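In this text the structure is predicted, and so the values were computed from the model without any measurement.
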Amino acid sequence: MKKRMLALCVTAAVGMTACSSGGEAAPTTEAVQESQTTAAETTTAQAETEPAPEEAASGTFEGTGNGFGGELQVKVTVADGKMEDIEVVSHHESSVVFNRALPIITERILEAQSPEVDSVTGATFTSYAVKAAVAEAMKEQGTEFGEITFATQGPAVEQVQGEDVHTQLVIVGGGPAGLGAAITAKENGLKDVLVVEKLDILSGNGKFDLNFYDVFNSEAQKANGVEDSIEKFMEDMKDAGNTPERLKVWAEGESVIDAWLRSFGVELNHNYGGRNHMKDKDNYAGEAIQDGMEAQAEKLGVEIRTGTKGTDLIFDGDKVVGVTVESKAEKYNIMADAVIIATGGFSYNKDLLAKYAPGYEVLNTSNQMGATGDFVPVFEKYGFKLEHMDTIRVIPTILIPSRDLTNSGAGSVYVNGDGERFVNERLGGLDMGKAILDQDVTWMVVDTKKVEDNANVRKQVKGGKFIEAATWEELADLMGVNKENFVKTIEAYNKNAEEGVEDEFGHTPERALLPEGPYYASKIESAVHMTKGGVSANEHAQILREDGSVVDGLYGAGEVTWQSGGYSQSVVFGRISGQEAAAYIQGN
């Protein structure tokens with residue numbers, strides 16, 4: 001078997017790997033796999049000899065690798081021993097990750113002429129699958145690269161000090177808030193807007209979200225006959241912990257967010273009660289919104305640098321005039337007339353959870369790997385005001401191992417490895433998380449009505465993330481739980497539901513499960529979904545010091561700030577920060 005020398009060219013800069021404390025379930029998602037890849041595991045470059053040109057085979061060669069969703073197959077086109085094209089012909093990866101990661105990983109491989117390149121941060125499992133498949137295809141061609149592992153990286157490079165970059169506005173963080181800020185700043189007249197994102201792909205956790213909630217005055221709401229208003233919103237949210245001024249601008253922002261999204265082609269046409277919105281009945285809001293915002297930012301000429309991590313603020317006296325950043329290859333300063341921080345929360349940083357919200361660090365997280373609270377130490381260092389840092393949103397049920405958020409409402413029964421219930425399915429919060437952790441395993445069991453009624457469960461069942469059986473007995477066998485106990489548990493649950501009786505856990509089931517299958521089950525756990533606390537910002541999205549004074553030239557939006565809401569609120573205050581920063585820069 002011929003060997004091929006590693007190309008020594010430098011691939012595209014990759015993002016700084018997010019630090020993650022131990023205790024994660026393994027392996028779970030792209031993010032968890034990323035946290036398990038360490039520099040110490042990095043494979044050494046293969047010392048090999050270049051094949052003679054006349055020996056190099058040409059043609060199309062196939063290979064397979066295992067991604068997060070299963071087998072991934074590629075075709076590699078080779079001409080005169082050189083890889084010319086990589087085509088993924090089949091895969092089962094999440095589209096929101098795969099579609100963003102594939103162009104990057106294939107470009108790196110083709111540039112290096114080797115699968116021994118850096119994985120795409122935020123898409124490690126997908127990257128591994130493509131790299132392993134390419135290595136197998138090239139082995140068929142006659143070029144041996146050796147074993148590809150999750151630790152396989154490209155050649156090390158020396159990080160150097162780069163020259164200063166100058167722009168009007170720099171935004172740190174390319175998630176929902178950061179992209180909302182960038183688009184709005186451009187819409188308000190700024191010519192030079194630069195976004196830096198530490199991961200290699202954009203859109204944070206927003207791209208995974210089912211629901212764009214807290215939105216009103218939308219076309220879907222109107223079509224659904226839902227009457228709403230700014231006044232009603234403010235009344236509903238009056239005790240959420242916002243200042244009256246910030247509550248007012250939030251309400252105003254939510255009232256126009258649907259029209260703003262539609263202005264560049266993002267339509268949320270399914271309103272399923274109140275202020276909840278999806279693209280349509282079977283398609284999540286997050287994918288449509290984040291795809292649309294990424295496309296609009298590109299159309300407007302926003303400069304985006306992925307694989308670039310913000311590390312500190314630059315001051316001129318009391319005014320913020322830039323940020324320090326670093327990529328794999330260099331460190332440098334970005335000097336700007338104003339700075340927006342939109343780096344997200346710290347759900348993925350167990351050390352910060354233990355410091356600010358003790359107890360929650362025992363839970364996994366449903367958030368993406370970039371949520372490591374990088375700027376919390378920066379805020380601490382400069383005496384900025386931090387609020388509600390112990391306020392944590394826990395999702396009662398996520399699937400194992402995929403970490404998909406799933407519905408925990410009516411029609412869900414939780415059983416342990418003995419086939420018995422052990423908790424009130426409506427308990428929620430840290431108490432629910434700990435109760436699940438105390439079991440050897442926890443299964444969520446649902447029926448076909450649950451699948452029909454809930455978009456996320458329906459999508460997850462179609463995606464093969466639940467096991468399926470025709471009867472309770474068959475389901476117990478597939479789950480590996482005590483069959484007799486399990487059947488008795490379901491019978492008791494259904495009896496309580498039919499009679500309206502509260503069970504020993506303080507729960508009165510909303511409804512009985514259907515008498516006929518099929519039935520479905522998936523392993524679950526609870527997870528930290530959002531850290532609600534963060535740096536304090538006023539109604540203009542200006543970041544505040546401990547004494548309440550404004551930090552000149554500095555704005556914040558999204559989960560990096562204290563905010564009472566979530567996804568749509570991040571976009572709303574991203575837009576407010578972009579608008580206010582543009583006015584500040586232009587002297588308005």
Side-chain angles (χ1 to χ4, degrees), residues 25-28 362-364 366 394-454 456-458 460-527:
T28 55
V362 303
L363 301 182
N364 199 347
S366 57
V394 172
I395 290 294
T397 49
I398 64 171
L399 304 185
I400 298 175
S402 68
R403 296 195 313 152
D404 288 288
L405 277 64
T406 196
N407 185 277
S408 56
S412 300
V413 180
Y414 304 165
V415 300
N416 57 24
D418 291 327
E420 298 176 332
R421 291 178 63 234
F422 58 91
V423 72
N424 181 342
E425 284 85 352
R426 300 299 168 269
L427 180 61
L430 184 58
D431 290 338
M432 172 67 88
K434 288 182 176 179
I436 290 175
L437 287 176
D438 286 341
Q439 310 305 309
D440 55 343
V441 64
T442 298
W443 292 90
M444 183 174 82
V445 178
V446 302
D447 58 9
T448 54
K449 179 171 175 51
K450 182 78 169 186
V451 176
E452 292 168 359
D453 289 347
N454 294 276
N456 50 4
V457 177
R458 186 163 58 250
Q460 290 152 11
V461 167
K462 289 180 180 178
K465 296 179 180 180
F466 280 70
I467 58 175
E468 177 182 346
T471 67
W472 294 124
E473 289 82 2
E474 291 174 9
L475 190 63
D477 286 337
L478 291 175
M479 294 161 62
V481 304
N482 184 296
K483 187 186 304 185
E484 183 179 355
N485 289 347
F486 179 63
V487 173
K488 288 181 179 179
T489 295
I490 297 298
E491 290 175 347
Y493 183 92
N494 284 345
K495 182 179 180 181
N496 286 342
E498 291 164 357
E499 296 177 357
V501 175
E502 183 177 287
D503 60 34
E504 66 268 36
F505 306 109
H507 175 52
T508 305
E510 294 89 343
R511 67 171 180 83
L513 301 181
L514 297 178
E516 295 183 356
Y519 303 111
Y520 308 89
S522 177
K523 293 179 182 178
I524 60 166
E525 63 182 331
S526 298

Measuring only between side-chain heavy atoms, which start at C-beta, is [X] closer than 4.5 Å to [Y]?
X    : Y    : answer
T489 : W472 : no
L437 : L363 : yes
E510 : E425 : no
Y519 : I490 : no
M479 : V445 : yes
D404 : K465 : yes
F466 : V446 : yes

Handout entry: Check against side chain to side chain contact (heavy atoms under 4.5 Å, CB included), T406 and Q460
Key = CA-CA 8 Å; T406 196; Q460 290 152 11; 2.8 Å; yes
Starting at [atom1] of [X], measure out to [atom2] of [Y] and round the result to the nearest 0.5 Å.
X    : Y    : atom1 : atom2 : answer
R403 : E525 : CZ    : CD    : 8.5 Å
I524 : I395 : CD1   : CD1   : 12.5 Å
F486 : L475 : CZ    : CG    : 5.0 Å
T448 : Y520 : OG1   : OH    : 6.5 Å

Exercise for the section: Indicate yes or no: does D453 engage R511 in a salt bridge with an N to O separation below 4.0 Å. Expected result: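 Between R511 and D453 there is no salt bridge, as every charged N stays at least 4.0 Å from the carboxylate O atoms.
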Practice task
State plainly whether the residues K495 and E491 are in salt-bridge range, i.e. N to O under 4.0 Å.
Solution key: no
Would you confirm whether [X], through its side chain, and [Y], through its main-chain N or O, come within 3.5 Å as a donor-acceptor pair?
X    : Y    : value
S412 : M444 : no
N482 : G419 : no
N454 : N456 : no
D431 : K434 : no
D440 : G417 : yes
N407 : V457 : no
K450 : A410 : yes

Practice task
Would you indicate whether E504, at its atom CD, is surrounded by more than 12 heavy atoms from other residues, nucleotides or ligands within a distance under 6.0 Å?
Solution key: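 Yes, the 6.0 Å shell around CD holds more than 12 heavy atoms from other groups.
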Handout entry: Neighbour count >12 (heavy atoms, 6.0 Å) for atom CD, E473
Key =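 Counting neighbours around CD of E473, more than 12 heavy atoms of other residues, nucleotides or ligands fall under 6.0 Å, so yes.
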Which atom pair, heavy atoms only, marks the closest approach of [X] to [Y]?
X    : Y    : value
I436 : P396 : CD1-O, 4.1 Å
D503 : F505 : OD1-N, 2.8 Å
A435 : V423 : CB-CG2, 4.0 Å
A527 : S366 : CB-N, 3.7 Å
L478 : E468 : CD1-O, 3.3 Å
N494 : L513 : OD1-N, 2.8 Å

Practice task
Applying side chain to side chain contact (heavy atoms under 4.5 Å, CB included), run through V415 and E420 and close with a yes or a no.
Solution key: CA-CA 5 Å; V415 300; E420 298 176 332; 5.9 Å; no
Practice task
I would like to know whether Y414 and T397 meet side chain to side chain contact (heavy atoms under 4.5 Å, CB included); could you show each step before the answer?
Solution key: CA-CA 10 Å; Y414 304 165; T397 49; 3.0 Å; yes
Exercise for the section: Classify the ring geometry between Y493 and H507 as parallel (under 30°), tilted (30 to 60°) or perpendicular (over 60°). Expected result: tilted
Handout entry: Partner of K523 by side chain to side chain contact (heavy atoms under 4.5 Å, CB included), out of I398, T442, I400
Key = I400
Practice task
Please report the C-alpha distance between F422 and D438 in whole Å, then the side-chain angles of each, then the deciding distance to 0.1 Å, and finally whether the side chain to side chain contact (heavy atoms under 4.5 Å, CB included) criterion is met.
Solution key: CA-CA 10 Å; F422 58 91; D438 286 341; over 6 Å; no
